[in-house]
Every structure is written in structure tokens, then in C-alpha cells.
Undergrad: 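Here's a structure for you.
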Protein chains: 4
Amino acid sequence: MTTEERVREAAVRLFAERGFHGTGIRDLAQAAGLSSATLYHYMGTKEDLLVEIMRTSLTELIGKAEQITGDETDRLVSLVKMHVRAHAEKPRETAVVDGEMRALTGERREEIVALRDRYERFWQDAIDDGVKARKLTVADPSVARLALLEMCSGVSRWYSPDGPVNLSDLTIQYGAMALGMLGAAR
Amino acid sequence: MTTEERVREAAVRLFAERGFHGTGIRDLAQAAGLSSATLYHYMGTKEDLLVEIMRTSLTELIGKAEQITGDETDRLVSLVKMHVRAHAEKPRETAVVDGEMRALTGERREEIVALRDRYERFWQDAIDDGVKARKLTVADPSVARLALLEMCSGVSRWYSPDGPVNLSDLTIQYGAMALGMLGAAR
Amino acid sequence: MTTEERVREAAVRLFAERGFHGTGIRDLAQAAGLSSATLYHYMGTKEDLLVEIMRTSLTELIGKAEQITGDETDRLVSLVKMHVRAHAEKPRETAVVDGEMRALTGERREEIVALRDRYERFWQDAIDDGVKARKLTVADPSVARLALLEMCSGVSRWYSPDGPVNLSDLTIQYGAMALGMLGAAR
Amino acid sequence: MTTEERVREAAVRLFAERGFHGTGIRDLAQAAGLSSATLYHYMGTKEDLLVEIMRTSLTELIGKAEQITGDETDRLVSLVKMHVRAHAEKPRETAVVDGEMRALTGERREEIVALRDRYERFWQDAIDDGVKARKLTVADPSVARLALLEMCSGVSRWYSPDGPVNLSDLTIQYGAMALGMLGAAR
DNA sequence: CATGAATGAGAGTTCATTCAT
DNA sequence: TATGAATGAACTCTCATTCAT
């Protein structure tokens, strides 16, 4: 593992555990096994590091979302499964993406918000298409999207690979819950 | 409005907007219209303030949960509606409760975690009872509780009273989605 | 003497002795008898402090220049005497003004440069008027202004009130040298 | 141009523009087209570099001063012309010599101060001789030397070869001003 | 009740310099 | 010759908090 990777990993862990503002440069350096001055060999500013973590994570999600095909409900279930799996497998990265956006400022914030919006577009489209095709029954598609995303993203806040729940089972269960809450025709 | 209340209100707003660690004492003082020294006449430490906000909010939720009665599904729907309404009406308080627990340390943390656990117990019981009574069908009741809570708590992150969604409608929609995702018998 | 004044005085002394970039905040604090944190009670940034020193000094010079009247050569001699006296009496302030302008950035720089230009205008006018009135003989009035100003400002770099040279004599001598170098009719 | 020369040139430029303390090693390296580590193959410490620049410049001035001969006023005018030419042709080197002496410490400072004093001796002698020979009339020869030197050294602070002033004309004008300010017999 | 003054500790970041490769 | 990596010390500045008035 390169030093860059170790820095990134330390940052992901600490940002997830303590938040961006709750993590000091010296904490980061210690977690990465470097002096705080050396840290700056491998990164720009602390905010750069945060942006990079978010960009990578969101770009990956978008990449996976783009590959999803199928009929309306299939796509929705696939999105849910993919998203839940990502949040269970990389809980720290995803928690940082979901929770630290407010720490960004200016253009960097806009960039990341744009990526997030682009990702959420896949969900909105899947829901809208499902409703149009009369396969889903929701009162308000936008509210449904938000509720569904919150439910699925929450996984990163509690799932543990060492716990009793098998990840594949988890994705299946979430797929079923998603269909249920969206009133999928049985 | 008393000065104490103004301080509390400022804290709630800033903690919600910027996070506990992202909010400085001087920010707080300015938002409350006081000097930072005067602030300390109306509060203990910054962490005290956070604890107090969380305690109040959680205690209120617990109080309301205690008053909920009815059969298994009724209780669940009532919980959902109450929770969603609380998160829509007091998005900042609830967002702080849900998002800043990690900023607490030591005993204070334990106290608040205990309150939260006590509150979530109502949800777990409602789900478990529903399952026992064969009115709900879920693969894993614990997972269901977590998914449901994340979905409902997420409301504080996006709901705006000025937006197009009526709050009563919202609670109804969330009640329906909750039943759907938990496989309620129709 | 107020604390603010002590801070200012320390800054003037250190900036003059070591330069702006050669003076640390801790040096400043120590020289003012404060902790570095307390220092920030009495000033904005280090650059603010520099700007304020320069602005005060230049404004004073301009104020004095405005009061000078008389015929062409009288005005020139008066300018020289006033300038030399100011540079001998406040060698540190004036040395900072003359030597640290490059440490300023952005708008602050523009403001101070504008003040300096406004001050130098008095000199240029006096020389130009003297030439027009055929009381001075210079090859290039702009060059003459620059040479004269450098000569006079240099006083702050070497004059000491404890030295053998009397200040009134000094101003007279500089007045004479000025007339001589500008080819004043005898 | 050798790498050593490029380093020196970059240093001269940056020290002149931003001052010694305002110039970082990385700035220097970048300006020389090297990495900061490589820089250390071509120089000692940052202070060594400064000393070397000053020593070279002052030694050159001394060398030229030594070659000046003639009667009292001729020598003075020649000194002025030579000095002005040097300051116009190498404004950065001379500005560093004149402005960054305070950045030196300990023995290095003494060495450079000694060189400067040696150089200024030529000026003092020329003035003193002129006065003795009744060709110059000054109130205080030491003051005259300081005033004259400041006037002439100031050239490096404003002269530009691209500007409207021809260099030979400039030296002539300064020669004339020098004689004027020193009350030379006509 | 209110606050200006004060501070040790720590924030993020850069410093000049060294050294193994 | 060249440099990426490394660092202790220092940088400017802000932190949460206390206290005398």
C-alpha cells in the first residue's frame, strides 16, 4: 500500500468517525504514521483530501448506476442492491459523502453537489419510469426518492460485516422493502 | 423570548448547519446577539449545550411515543407519523440529535445513547409485535427497524415547510410507505 | 500609554528593524508584553497593522505638505525641511513606509500606493513650478524629484537624535543641498 | 549559463522583489527551474546565497572605485557616475545590497558591513578632499556623504532601462546634481 | 447582568534543511 | 547530478474558556 493510500485511508476513517471538523491534521498524520509536515507531501489541503474522497466515491457510484439496465422495477431493485452493497462494503467513504458535504465551500461544494445530483437522477428516473409503467404506486415520486435514498444510505451508519447479517441477504431484503414501500404490483 | 432560549435557538441552528465542531463559541455568541463572555452566563460548556439540546429533543420524542396506543399496525403508523412530523417541524433539533452524537464524550454520551435506545425500543416493539401478530412480514426485524428509522429521520435533512409538500400529507405518505416496506397485510 | 499604542509601537520598531516578513507574531507579542493570542485583541491581522502604520504616517505627511505655502523655492525648501524633520523624528515609521510597501497585497497596496503618489505630487509640483518660474534648473524634473526624495528619505536610515548632528541644522543643510542640486538661482 | 548562475540570478531577482525573508526556498527553486533539494547542490544555506550576492556586488563597486583617479571634483563626479550606472544596470543586485543587510547575522554581517564601509570611504575621501581644496562647500561632510549616497543608490529603486531616460544622460544629470548639492565652485 | 481582557493550547500550513537513493 | 521523502520548528491565527471589573 502506498503512502498516498495510507493517508487516504486514515482520512476516510477519521472523517467518518469524528467528522471533518472534528479531525485535526495532527490526528490524521498520526493515523497515517507520518509527521504533520510530511503529510503535506501527499496531499493538498485538508479540504482537498475531503473533496477527493467524495469525488472518488460518488464517481464510482455513478459508474455502477450507469451499468444498470432492465425493466423499470428491475432497475430500481438493482439500484437499491448496488447502493446498499456499496454502503455496507465502504461504510466510511459513503458516510463521509453523505455527512460532510456541508464542510465544503465554494466551487468544490458545487462540484460535489453536482455529482450527487447526477447520481440521484438515476433513482428519480427509475421511480418515475416505474410509476409511468404502472408498476409502482407512490403518492409523490420525489418524496419517495428521498425516503428511499435515506433508508438505503443509512446502511453505512450501522452495518457491520462482522455482525449477524449476511450482505447478500441484506441487499435482497432492502430490495424487497423498496418494492414494498413503493407499492410495487405483486 | 428569554435570553436562554435565544442562545439555545442559535445553537440549534448553527449546530445543525455547520455541525458541533464547525461552530465556534464566537459564532454562537454573535448569532445570539451576545458577547462570547456573556454567553457563559446562560450556558455551561459548549458540550453542555449540545447535551441539553439532545436530551430535550429525545425526551420529547419518548414522551410522545409513550402516549401511542392501539393495535400493532396502528401503533407503528402512529410512531411513523409522529416521528416524521417531529422531524419536519423541528428539523434542526432532530438533525442535531441524529448527527452530532459522535461529538459527545464519556458519560454524557452514554446518557444520550441510552435515551436514543429507549426511544428506538418503541419501534422495535411495534415491529416485533406486528410480526408476531402476522400483520407484518419482514425478513429481519432489526434490519427493518433500522431501515425504517433512517427513512423517517431523513425527513429533517430535506423537508421544508415552505416547499410544495403538505405536512399532514407527508405523514400519511410515510405511514403508507412504512406499511408497504414491512409487508403489511392489505 | 494604551495597550493599542504599545502594540503599534512594538510593531513599528520591529518592522523597521527586521522588516515585515522578518518579524514574527510572537516577536511582536513579546515586544508588546502580551501573549500572541492577546495580541489579536488589539489588532486585526499582521498586515492590517502594517497598513495602519503606513496610512497614519503618510496621512500625516500629506497633512503637513498641504499647509506649506510660499513662492516656488520656499515651498520646496519647506517640503524638504518638513520631510527631513519627520524622517529624523520618526525614523522607524518612515522607514517602514519607505521599505515595506512590497509586503502589502491587493487593495491594501493600492490604497497605500495612492497615498504615496498623492504625497509625491506636492514635490513634483514644487519642482515643476520652480522650473517654470526659472528659479530652478534641472535636466529632468521627474528624475530630480526622485533623486531629491531618495536623498531626503534616506535620513531615516541613519539619523540618530543622540548623534552629533542637530536636527534644525540638519534640515537647513538639506534645504541648502536641495537648492544646490536643483540649480537654484543664487 | 550555468546552473549556479541561474540560481544566483533567481535569488537576486526574488530577494530584490520580495526581500530575503519574503522569499522561500521553494520559490527560489521554482524560479531556477530546480527542485528545492537540488538547489542545495548549488548553494549553501539561503543566507550564504545572500552573502555571496552582496559580496560580489560590493567587491565590484570597490574595484571600480579603486580605478578612479583625477582631481577632487573629477573623482567625485566619476564616483557618482559609476555608482549610478551600476545601480541602473544592476538594480536588483544593488537593491539587495542596500536593503537586505539587516537579514544577515553574526560574522557574515560584519564582513559585509566592512565591505560597505570600505566602499563608502572612497566617497568620504573625495568629499573631504574637495572641501580641503576649497572646491566643495558643505556644512557637514559626513552628512553630505550620506545624503549623496542615498540619492545615488535610490536609482536602483526606480530606474528602468525601458523607460524614457537614457542611462548616459542620467549619469551626467546625477553628476551635475551632486556638484550642485555639494556647493561646487562654478 | 454584562463584557473587555486575557491565555494556553491547538488549528492548518509552511519553513529551511537533510538524506537515502 | 538530481530528487522524493522526511522532519522539527516555526508560521499566522483561532479555539474554548475564565475572570476581574
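Below, read A as the first sequence line, B as the second, and so on, with proteins coming before strands; counting in each chain starts at 1. The figures that follow rest on heavy atoms only: side chains count, while hydrogens, waters and symmetry mates do not.
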Undergrad: Counting side-chain heavy atoms from CB outward, which of E:dT3, F:dA6, E:dT18 is closest to B:T38?
TA: E:dT3
Undergrad: Just the rounded figure in Å: distance from P of F:dA16 to CG of B:L50.
TA: 13 Å
Undergrad: For atom CD of A:Q30, decide whether the heavy atoms of other residues, nucleotides or ligands shown that lie under 6.0 angstrom number more than 12.
TA: no
Undergrad: What is the separation between atom CG on C:L39 and atom C1' on E:dA5, rounded to the nearest whole Å?
TA: 13 Å
Undergrad: Return the value, rounded to whole Å, for the distance between atom CE of D:M43 and atom P of F:dA2.
TA: 15 Å
Undergrad: Between D:T56 and D:T59, do the side chains contain an N or O donor and an N or O acceptor separated by less than 3.5 Å?
TA: no
Undergrad: Looking at every strand, decide which applies to D:T3 at a 4.0 Å heavy-atom threshold: base, sugar-phosphate, or nothing.
TA: nothing
Undergrad: Of the listed nucleotides (F:dG8, E:dG12, F:dT12), which one gets closest to any side-chain atom of A:K46?
TA: E:dG12
Undergrad: Counting only side-chain nitrogens and oxygens, does D:Y42 get under 4.0 Å of the OP1 or OP2 atom of F:dT1?
TA: yes
Undergrad: If E:dG10 has a Watson-Crick or G-U wobble mate with both distances under 3.5 Å, name it; if not, just say none.
TA: F:dC13
Undergrad: Nearest of E:dA6, F:dA6, F:dA9 to any side-chain atom of C:H41?
TA: E:dA6
Undergrad: For A:S35 and for C:T23, locate the closest nucleotide of DNA chain F by heavy-atom distance; then report the residue assigned to the nucleotide nearer the 5' terminus.
TA: A:S35
Undergrad: Taking OH from D:Y40 and P from E:dC15, how many angstroms apart are they, rounded to a whole number?
TA: 12 Å
Undergrad: Can you tell which of F:dC13, E:dA16, E:dT3 lies closest to the side chain of B:A37?
TA: E:dT3
Undergrad: Could you check how far NE2 of A:H21 sits from C1' of F:dT14, rounded to whole Å?
TA: 14 Å
Undergrad: Do A:R26 and E:dG10 have a side chain to base donor-acceptor pair shorter than 3.5 Å?
TA: no
Undergrad: Does A:T105 offer a backbone N or O that forms a donor-acceptor pair with the side chain of A:E47 under 3.5 Å?
TA: yes
Undergrad: Rounded to whole angstroms, how far apart are CG on B:L28 and C1' on F:dC15?
TA: 13 Å
Undergrad: For the side chain of C:R92 and the backbone of C:V12, is there at least one donor-acceptor N/O pair under 3.5 Å apart?
TA: no
Undergrad: Examine distances only and state if a side-chain atom of D:K46 and a backbone atom of D:H21 form a donor-acceptor pair shorter than 3.5 Å.
TA: no
Undergrad: Tell which nucleotide pairs with E:dT21, taking only Watson-Crick or G-U wobble pairs whose two distances are both under 3.5 angstrom.
TA: F:dA2
Undergrad: Which listed nucleotide (E:dA5, E:dC19, F:dC13) is nearest to the side chain of C:S36?
TA: F:dC13
Undergrad: Just how far, in rounded Å, is P of F:dT3 from CD1 of D:I25?
TA: 15 Å
Undergrad: Find the distance C:F20:CZ to F:dC11:C1' and express it as a whole number of Å.
TA: 12 Å
